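See structure below.
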Amino acid sequence: MSIAAKFEIEYLQYLDKDGKEVRKDLPAFAKDLDQMVELYKLMVSTRVFDAKSVALQRTGKLGTYASCLGHEAAHVGIGSAMKREDSLAVSYREYGAQLYRGVQPREVYMYWGGDERGNDFAKAPKHDFAWCVPIGTQCLHAAGSALAFKIRNEKRVAVCTIGDGGSSKGDFYGAINVAGAQKLPLVAVIVNNQWAISVPRKIQSGAETLAQKAIAAGLPTIQVDGNDIIAVRKAMEDALDRARNGEGASVIEAVTYRLGDHTTADDARRYRGEDEVKEAWTKDPVPRLRKWLEAKGAWDETKEKAWLAECDDWMDKEVDAYLQTKTQPVEAMFDYLYAELPADLVAQRQQAIDLDRKSHG
Amino acid sequence: MSIAAKFEIEYLQYLDKDGKEVRKDLPAFAKDLDQMVELYKLMVSTRVFDAKSVALQRTGKLGTYASCLGHEAAHVGIGSAMKREDSLAVSYREYGAQLYRGVQPREVYMYWGGDERGNDFAKAPKHDFAWCVPIGTQCLHAAGSALAFKIRNEKRVAVCTIGDGGSSKGDFYGAINVAGAQKLPLVAVIVNNQWAISVPRKIQSGAETLAQKAIAAGLPTIQVDGNDIIAVRKAMEDALDRARNGEGASVIEAVTYRLGDHTTADDARRYRGEDEVKEAWTKDPVPRLRKWLEAKGAWDETKEKAWLAECDDWMDKEVDAYLQTKTQPVEAMFDYLYAELPADLVAQRQQAIDLDRKSHG
Amino acid sequence: MAQITLIEAVTQALAYEMAHDDSVVVLGEDVGVNGGVFRATQGLQEKFGELRVLDTPLDETTIAGLTVGLAVQGMKPVAEAQFEGFIYPMMEQIACHAARLRHRTRGRMTVPAVWRAPWGGGIRAPEHHSEANEHLFTNIPGLRVVLPSSPARAYGLLLAAIRDPDPVMFFEPKRIYRQYKEEVPDDGEALPLDVCFVLRDGTDVTLVTWGAQVKEALEAADALAEEGISAEVIDVATLTPLDFDTIAESVTKTGRCVIVHEAPRTAGFGAEIAARLMEECFYDLLAPVQRVTGYDTHIPLFRLEMKYLPSVERIVDAAKRTLAVS
Amino acid sequence: MAQITLIEAVTQALAYEMAHDDSVVVLGEDVGVNGGVFRATQGLQEKFGELRVLDTPLDETTIAGLTVGLAVQGMKPVAEAQFEGFIYPMMEQIACHAARLRHRTRGRMTVPAVWRAPWGGGIRAPEHHSEANEHLFTNIPGLRVVLPSSPARAYGLLLAAIRDPDPVMFFEPKRIYRQYKEEVPDDGEALPLDVCFVLRDGTDVTLVTWGAQVKEALEAADALAEEGISAEVIDVATLTPLDFDTIAESVTKTGRCVIVHEAPRTAGFGAEIAARLMEECFYDLLAPVQRVTGYDTHIPLFRLEMKYLPSVERIVDAAKRTLAVS
Ligand SMILES: Cc1ncc(C[n+]2csc(CCOP(=O)(O)OP(=O)(O)O)c2C)c(N)n1
Ligand SMILES: Cc1ncc(C[n+]2csc(CCOP(=O)(O)OP(=O)(O)O)c2C)c(N)n1
Ligand SMILES: [Mg+2]
Ligand SMILES: [Mg+2]
């Protein structure tokens, strides 16, 4: 038998679910405990932020919200490996990555609270994309960004994240395919949390790993324990380095679990068993890293409490800022449609303003 | 290093470019020389048909036409492995497969001659799809057909063909992905003829084979010499068997070469070198099979001449039938839109008829 | 007989037809165990199995193409787009194949399929969950576009859509999914796919609308009645092919017309009705036809969305404008 | 100064802008070595390299998404859909992102991109190569839809489209790609994107059209002139945002209007213009506005296609109908 091609996909994990090292060759960044503490702190604050969001929704102060519970290692791992000049294109729940890059909780609240201004990031890089609801489309934005960087000969990388469900969409395939064909500086991370709303991973694809989708595009790929931030970040660093060095694109599958409902509009008990969720909690990325840090003497209960208190303060401030944001004037509907409002729309804008005044006074 | 998954893709070839057997384990059908002669004859008649089409176009009797020159082994291999109850969904140039299944040359002429009636196959299976111009979309028609067969528990297989270019389209990915997830009786054949109009294979994808795209969907796959009809048909038979037995879908990459222009509207000399084309002619599937048959004593120059004469007769009859077909009446525009013409369109239909009468006399 | 909501009427129609016709299948994202994100397919997978109520991979192109393939092979697929705002990747299959295969093959291949999608704004949903894009389909020959606005019409029109031998886009106004209940006998009776519904008789002005805005139109008619103005209200419901006669008859009588829809104004389907009225009822018009629509901008996120949607006030104002000029 | 065709004017505009602005890039299928299947990008790859004139993989969704990504990162991409009939897979990116990113991000991200596509019928092309689907885009807020009908307008409007800070759909009437030549100075002068072109003054009736049908409209005006009827001819060219004022001014003067387009009638962009005329010029209209359009069916394969497209005869008839009634 003659062989046309052969492939092998690596699985990467440094910390097991109890925070024990399963291999000795820790990457350089993981040896810097101060930095690891910073990553841990962001994972914790992401979780505090997330709980606050859900609470806001439950009390009617937010619309539908998509929680990131359980994804903290994957998301922070992605965000923290990137440089500021790189560009990030997310779906909707990758707050851990975004907070690292400077998106403010108040902005997240505004977006899910029905106010477009949440997308006008004040501190995060202006070249990071807005939340992207149409599944998969962000992958092509990242590919286009990568192409722009390549055309301009800039040493920058475009990163996109996509769900297990989203990796079924033609856009994902299109993005990795053109990235392979044109050697674009792209890193596509499949955050496989096992569910796409109610649809389990096995209904999305007959492939044994999602990482292997990269083979279709001729790209290097790896599957990592997405609840092990060391593994996620190491895979990211390798992929980013390759991309930055002109070696082209990569795919990473980060295997994790969506511990919460899909969004606050969803009730996961309708479609998945409690056992599965219970089992998934044993792999929770946050205590895992905490145990590892504690074993190294870099973290303890006092620090945890202090940090949690700081996070609470932070979120309170963010919530205040959010709640104090006045609704946009009605003409905001028109004012960001075109660089300049076309003459044909002037009357409509005025009509909206007049009607609003009339209704209010 | 821990390994998440491993893959190996076979390359299949029985006859080298000179018609010499490169492996001893000929499949059963290839031992039946009468049958092999039939396949050869269809390859030849396909080529005669194709030349006739191009000639018709050159003399203004056909619109744009997409030639199949060089694809005869791939196309006849596909068509001849299928059963009548299976369903075929092609792009536009797979005449070898279609003629085998009963599509008549006059129907091909009608379609490319600007007459929808070419799609109303008189003798081919009614469940075979019409020509499909929007690239890739036919793959999903086949997947949907396969799903229908599965739901109804019928032992039928849906086959689609797609080009190297077309395999970049999300539709192809969507089709193999859902076929993998749902174990559908689908066989997707990538007819890799190295070019998508002017775009070479390497610009379509960074993957070393197109067969490996199947890995993204978790499907069995194989790369075959698409100019070796024994290899094509063997791979088809294996894949069809698996599908018919409930073992799900497969992908086949048939490596061939587009010896002609993309269509009669194209001039390939604009974008590809003569050397490449010359080299490709040395792998021509037709003489290759002829040499093999001649070596076995199953074919000779006399038979060749006789068959060519028969083909010419056949095509002359088909061309006559085509040229004698009267243009449809103007109201045909309306008469196949809905099962019943909606009341709101009755006046438009009448207007078109009246106007036509007025203009003609 | 139980009282049911519009969404329950959708479920009832699906269940009825699936029970009576083996070739009917449902496919889409989350339509199975979860019963759809709005519960339109609730309980169907349990009753009819995983293949007839199929959770697909997350790719609208795939859903649309499977639907065409199924239909061509003799099934009657009912595909769901989870929200109408996610329907774009389905368009190639719908426009190039579903709407054309009968035409392309001179009747050899047909596509008796339905595409359902929750449609429209007003439920404080996230971005892309509030679109009203019926006009993307009203200019595709070979399609039908249907938009029910009551439980009974949802039931009867969905049955008709599934039974129709040609492809039908079936948009469900999610804002009124659970607005009220009414008795809808589960008798399998379909409604015609090419007849507008005159919901209220009137003599002074005709309000023409569809979808969730039927609610506002009826309320506007009430408000106008209080001022002594008699408004006729027409629910177009089956946009294409259009039953223009019913509209023309009404406007010929009243001489005045206000068209209400929540999609943006420019090139919305209201333009077509206005153009037809001009062409065919010009001499009966006592005032120019008015359009009350969404503005020519994207429906804003929910803090502002109610200011975008046509209000009772805007409809009443427009009706009065048509009355002011004669 | 050389005389050039419409397609050559497209090439000239692309070459001009690429030479003067490094951020302009061209991408699509076969746009590179082959110079596009109609030669619109002929010679550009040689001049500007493989990255700035990029042959993409065969996936329209990919092309559209790359275009958005490029534009957001500060490039000015000009994407090509090989034929307008293959544009559907681009729609999600165009409608959900290109047209919305400025709106979504309150101006932080913008999409200064152009989508070009050969448009319309009449060249005896295969199926799906003759579509006129401008109406798919005219109801998307945040977009511009442009359709030039002469070499000079193609040059000036394409330059304007590329320079415009917002996304522009640029449809090229392929039937008149090589219909005639005219002098088009390569001076980099853009034309405004929101002004209709009055091609011929007249007093009795206004013919409003765009794209290849401008040819038939002008011929109809000639034919009418022979019968003593003076027709004004307006090339809308920039469909959205619409310059309604120019149309209104003309129709106010003539009192009569015939709208001509080759897309199907129902819900075509002609409906919008007719509706606007009703709303804003009702009392100046001496006769109902007429539409002469493609029929509400798919454009047939080429043996019948000329019977589908609006003819001079149909336009003349319609114009006379508007004159018969007063
Ligand atoms: C094109 C499109 N189709 C459908 C939806 C509705 N939808 C929102 S999230 C979701 C599931 C996504 O699953 P996955 O990609 O695994 O991401 P996760 O939510 O698990 O992070 C669906 C179907 C959408 N937003 N966009
Ligand atoms: C969706 C779509 N985009 C573009 C085209 C125009 N087109 C026709 S054939 C073709 C190239 C196809 O190449 P490939 O898939 O390799 O098939 P081949 O022609 O080589 O058999 C293109 C781009 C089309 N028909 N459909
Ligand atoms: Mg998921
Ligand atoms: Mg090819």
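All values below come from the heavy atoms of this structure, side chains included, with hydrogens, waters and symmetry mates left out. Because the structure is a prediction, the values reported are computed rather than measured. Here is the naming used below: chain letters follow the sequence lines, and residue numbers restart at 1 for every chain.
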What option among A/Gly113, A/Ala196, A/Gly166 has the most heavy-atom pairs under 4.5 Å with chain C? A/Gly113

Can you confirm whether A/Asp115 sits close enough to C/Phe302 that some side-chain heavy atom of one is under 4.5 Å from a side-chain heavy atom of the other? no

Side-chain touch C/Asp30/A/Tyr271, heavy atoms, less than 4.5 angstrom: no

A/Ile203 versus chain C, the contacting section by heavy-atom distance below 4.5 Å: both

Between chain A and each of C/Asp59, C/Ile299, C/Leu58, C/Thr56, count heavy-atom pairs under 4.5 Å; write down the option with the most. C/Leu58

Is the closest basic N to carboxylate O distance between A/Arg349 and C/Asp296 below 4.0 Å? no

Output yes when a side-chain donor or acceptor of A/Thr64 lies under 3.5 Å from a complementary backbone atom of C/Pro126, and no otherwise. no

Distance-only, no hydrogens or angles: does the A/Glu116 side chain make a donor-acceptor pair with backbone N or O of C/Pro300 under 3.5 Å? no

Let me confirm one number: the OG-CE distance from A/Ser359 to C/Met306, rounded to the nearest 0.5 Å. 11.5 Å

Under 4.5 Å heavy-atom distance to chain A, tell me which part of C/Gln42 shows up: side chain, backbone, both or neither. side chain

Working to the nearest 0.5 Å, report the span between CG of A/Asp335 and OG1 of C/Thr297. 9.0 Å

Apply side chain to side chain contact (heavy atoms under 4.5 Å, CB included) to the pair C/Leu301 and A/Met110, showing each step before the final yes or no. CA-CA 10 Å; C/Leu301 291 188; A/Met110 280 169 82; over 6 Å; no

Rounded to the nearest 0.5 Å, what's the gap from NE2 on C/His128 to CH2 on A/Trp131? Could you check? 13.5 Å

Leading residue by heavy atom contact count with chain C [cutoff under 4.5 Å; candidates A/Ala332, A/Ala352, A/Ala268, A/Gly63]: A/Ala352

A/Gln351 and C/Tyr295: side-chain donor and acceptor closer than 3.5 Å? no

If you tally heavy-atom pairs under 4.5 Å against chain C, which of A/Gln204, A/Gln348, A/His262, A/Arg270 wins? A/Arg270

In terms of heavy-atom proximity below 4.5 Å to chain A, should C/Glu305 be classed as side chain, backbone, both, or neither? neither

Engaged part of C/Tyr88 at the chain A interface, taking heavy atoms whose separation is under 4.5 Å: neither

Has A/Gln328 got a side-chain atom pairing as donor or acceptor with C/Leu304's backbone, closer than 3.5 angstrom? no

Between C/Lys307 and A/Glu331, is there a side-chain heavy-atom distance shorter than 4.5 Å? no

If you count every heavy atom of other residues, nucleotides or ligands that lies below 6.0 Å from A/Glu276 atom CD, does the total exceed 12? yes

Between A/Tyr111 and chain C, which part of the residue has a heavy atom less than 4.5 Å away: side chain, backbone, both or neither? both

Under 4.5 Å from a heavy atom of chain C, the part of A/Arg201 involved: neither

Could you check which of C/Asn34, C/Asp55, C/Asp317, C/Leu54 has the highest count of heavy-atom pairs closer than 4.5 Å to chain A? C/Asn34

Contact origin within C/Glu313 toward chain A - heavy atom pairs under 4.5 Å: side chain

Using a 4.5 Å cut-off on heavy atoms from C-beta on, say whether the side chain of C/Glu29 contacts that of A/Ile197. no

Does any non-hydrogen side-chain atom of A/Lys169 lie less than 4.5 Å from one of C/Pro57? no

